[in-house]
Amino acid sequence: MGGVLRVELLHDRRGWGVEVETWAGAVRRYRYGSEAQARFFAAVFEMGPRVLPPVSTGRRKRTRRAA
């Protein structure tokens with residue numbers, strides 16, 4: 001995977017995220033639980049890591065906790 005071309009902080013009704021575009025043309029979107037987490041990882045991606053973390057392809061399954 002190539003270097004990072006563009007990093008964009010996203011905010012919508014579902015929460016916060018970061019969109020990363022690489023020089024190879026791939027676009028990856030990451031979701032975070034808070035604005036602080038999204039801003040932190042946007043800053044990390046701006047530094048141009050050579051390898052990006054994998055993107056989850058589906059929703060997390062919620063498990064029921066025993067009461």
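When a residue number appears, it is its place in the shown sequence, counting from 1.
- In this structure, Val18 and Tyr32 approach most closely via the heavy-atom pair CG2-CE1, 3.9 Å.
- By the rule that hydrophobic residues join a cluster once side-chain heavy atoms approach within less than 4.5 Å of another member, Val27 and Trp23 end up as members of separate clusters.
- Going from atom CD of Glu46 over to atom CG of Leu9 covers 10.5 Å, rounded to the nearest 0.5 Å.
- If you take CZ on Phe40 and CZ on Phe45, they are separated by 10.0 Å, rounding to the nearest 0.5 Å.
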Going through the checks in order, is the side chain to side chain contact (heavy atoms under 4.5 Å, CB included) test met by Glu35 and His11?
-> CA-CA 8 Å; Glu35 178 183 4; His11 182 239; over 6 Å; no
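- Minimum interatomic distance between Val20 and Tyr30 (heavy atoms only, all atoms of both residues): CG2-CE1, 4.1 Å.
- Of the possible polar contacts, one joining the Gln37 side chain to the Gly33 backbone as a donor-acceptor pair under 3.5 Å is found.
- Note that the CD atom of Glu19 and the CD atom of Glu8 stand 5.5 Å from one another [nearest 0.5 Å].
- Taking every heavy atom of both residues into account, Ala42 and Val7 meet most closely at O-CG1, 3.7 Å.
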